[in-house]
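Notes follow once the structure below has been shown.
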Amino acid sequence: MMQQQKPKRIPYGMQNWQDVRQRNCYYVDKTMYLPMIEAADDYFFFIRPRRFGKTLLINMLEHYYDVQKADLFDELFGDLWIGKHPTEGHNKYLVLYLNFSAFSGSLDDYQERMDDYCNLEFESFVRRYAKYLPSNALEMLKSNRGAANQLLALARICQNANQQIYMLIDEYDHFTNIVLSDPDIEERYKAETHGSGAFRTFFNAIKSGAVSSIKKLFITGVSPVTMDDLTSGFNIGTNYTSQPEFNGLLGFTETEVREMLDYYRQHYEFNHSTDELIEIMKPWYDNYCFSEKCLDEPPMYNSDMVLYFVNNYTRYKCRVPKDMLDNNIRTDYSKLRMLIRKDREFNHDASIVQQIVQTGSIVGTLKESFPSESIADPDNFVSLLYYFGLLTIAGTSISGVKFRIPNQVVREQMYNYLTGAYRVNDLYTEEYPRLQLMARMAGDGDWKPYFEYIAEEL
């Protein structure tokens, strides 16, 4: 007998924690990691691939630590692990949240856009927490110009009011992605991230603010490139990306996926058993490992892809989706095309991708950080593919870390990247003459011209 109770909403694509909780969404509880994050160093740096749940995690942190959200604690967290084991830090901070993907543009006007965006967020912060700050706080903020100066002013205002800031930065490396898409502006990028550049100055302001009122900082993105350029290493914080205790912070274990499927089985007429669905999903979405010390533990599923599958399966008469790859998860390969040589030799980093596609794996050194100017170095390039989620840790050897393609979703992305790179470098055949020769081969048995054409093109 099917249960009549309305099933929980599948939070596919949702990034607002309050919406997820108040709209009765299914949530895989990750709140047991909050005490571990609190116990870690105050500047917490964490990288995961795109579409792995980073924004929802940051939004959950915002609601957990925001002093203004204290009256919502029971509603948002009461039935979760952390609701039964709250930490002393919950709802004790003024939360400053920045998402660097919220503004874009060329490097010519990047500083202006950054200043405008931060100004809006800082003013919103002062208005939101007006009762905790002096009455002239907004006036004091506006007396300063530029993102870095305003951040320092905001930190001083909060310090004088005896208030503590928890700063959250999502997609901190959006700035780097502009450069990965356009290598011609790399010198401009260096100017902004080195010396007295605007972006570096802003992060220096964060460090200065830590002396006053910025007590906690959580930064996330998809690569460590920007952080290395900004700080010549990770002296702005501690990189917990590959620490074993946080391997399962984002993504789903197979146990969690099974529990989700079993829950929705109670509300829909499934055409497959849970084991059958796992067998279908596993080759496509599983096999992520983010720490060498977790190789003996079950791998992680991509959470976005699991939600995509379950959402489509339950909405369309419990049939397996025709397309197992969600278009929203496709990597922006323009960021990687700068690595392809333009002289048709197609060697160096491109050969790394070719080797990975041909063999499914590669051995290299996992680099925790590297500057943008050395991305094309083999170990750095392999590490970049790992951070983007195109490779995962599969083992270790004397030669280094063994990386492999985690699943079919990534394998398809890798193939598309390779063929796209061929096309960018004019390494492809014209479709029309090839199809004409193929038709002659199929219809008339005239096979020789087709293979002569292919041999000549190769």
Side-chain angles (χ1 to χ4, degrees), residues 15 50 54-55 58 62 94-129 133 136-158 165 167-210 212-214 217-232 236-237 332 334-335 338 371-373 375:
Q15 298 179 332
R50 291 179 66 243
K54 296 188 296 296
T55 299
I58 280 204
E62 178 182 2
L94 311 189
V95 177
L96 177 60
Y97 170 73
L98 299 176
N99 185 334
F100 285 163
S101 69
F103 60 96
S104 59
S106 67
L107 281 186
D108 293 332
D109 60 356
Y110 195 87
Q111 180 175 350
E112 180 181 353
R113 289 174 180 268
M114 179 179 175
D115 288 343
D116 289 344
Y117 168 75
C118 289
N119 176 255
L120 289 174
E121 293 299 331
F122 295 160
E123 289 189 9
S124 175
F125 177 94
V126 171
R127 291 189 175 96
R128 189 166 63 252
Y129 296 114
L133 302 175
N136 65 339
L138 190 58
E139 181 182 348
M140 294 169 62
L141 176 69
K142 288 183 176 181
S143 67
N144 292 271
R145 292 289 181 267
N149 289 333
Q150 287 196 326
L151 179 61
L152 289 173
L154 197 64
R156 287 194 298 269
I157 291 169
C158 291
I165 297 175
M167 191 170 186
L168 303 170
I169 302 181
D170 194 8
E171 299 207 40
Y172 90 101
D173 52 351
H174 183 71
F175 184 71
T176 303
N177 294 339
I178 297 176
V179 180
L180 290 179
S181 302
D182 187 357
D184 294 332
I185 61 176
E186 185 162 345
E187 288 303 317
R188 288 289 310 281
Y189 167 83
K190 289 180 182 178
E192 297 297 333
T193 56
H194 295 70
S196 59
F199 209 62
R200 186 183 182 100
T201 300
F202 181 79
F203 274 82
N204 285 337
I206 295 176
K207 290 192 287 185
S208 297
S212 55
S213 59
I214 301 178
L217 175 67
F218 190 101
I219 307 179
T220 188
V222 296
S223 86
V225 176
T226 306
M227 193 60 67
D228 187 275
D229 285 331
L230 288 170
T231 64
S232 300
I236 195 172
D332 181 1
S334 63
K335 299 183 185 74
M338 66 164 287
S372 61
E373 62 191 23
I375 283 178

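Every heavy atom of this structure was used, including side-chain atoms; hydrogens, water molecules and symmetry mates were not.
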From the options Leu98, Val95, Ile219, Leu94, select the one residue that forms a side-chain contact (heavy atoms from CB on, under 4.5 Å) with Met167. Leu98
Taking the six-membered ring for Trp, are Phe100 and Phe203 parallel (under 30°), tilted (30 to 60°) or perpendicular (over 60°)? perpendicular
What's the spacing between Thr220 OG1 and Asp173 CG if we round to 0.5 Å? 8.0 Å
To the nearest 0.5 Å, atom CG of Leu120 lies from atom CG of Asp116 at 7.0 Å
Using modelled atom types and a 3.5 Å cut-off, is there a donor and acceptor pairing between side-chain atoms of Asn149 and backbone atoms of Asn144? no
For the atom pair CG (Leu138) and CD (Glu123), what is the distance rounded to the nearest 0.5 Å? 5.5 Å
When every non-hydrogen atom of Gln150 is compared with those of Lys142, the smallest separation belongs to NE2-CA, 4.5 Å
Ignoring hydrogens, what is the shortest heavy-atom contact between Ala205 and Ala148? Give both atom names and the distance. CB-O, 3.7 Å
Could you state the interatomic distance from OH (Tyr172) to OG (Ser101), rounded to the nearest 0.5 Å? 14.0 Å
Applying the side-chain contact (heavy atoms from CB on, under 4.5 Å) criterion to Ile169, which one of Ile58, Ile206, Leu96 satisfies it? Ile206
Heavy-atom pair with the smallest gap, counting every atom of Ser208 and Leu152: CB-CD2, 3.6 Å
Evaluation steps, side chain to side chain contact (heavy atoms under 4.5 Å, CB included), between Val222 and Lys54: CA-CA 10 Å; Val222 296; Lys54 296 188 296 296; 3.8 Å; yes
Could you grab the distance from atom CZ of Phe125 to atom SG of Cys118, nearest 0.5 Å is fine? 13.0 Å
Looking only at heavy atoms, the pair that brings Phe122 and Ala147 closest together is CE1-O, 3.5 Å
Correct closest heavy-atom pair for Ser213 and Ala155 would be OG-O, 2.7 Å
First locate atom CG of Leu154, then atom CD of Glu121, and finally report the distance between them rounded to the nearest 0.5 Å. 11.5 Å
Scanning both residues in full, the closest heavy-atom pair of Leu133 with Cys158 reads CD2-SG, 4.0 Å
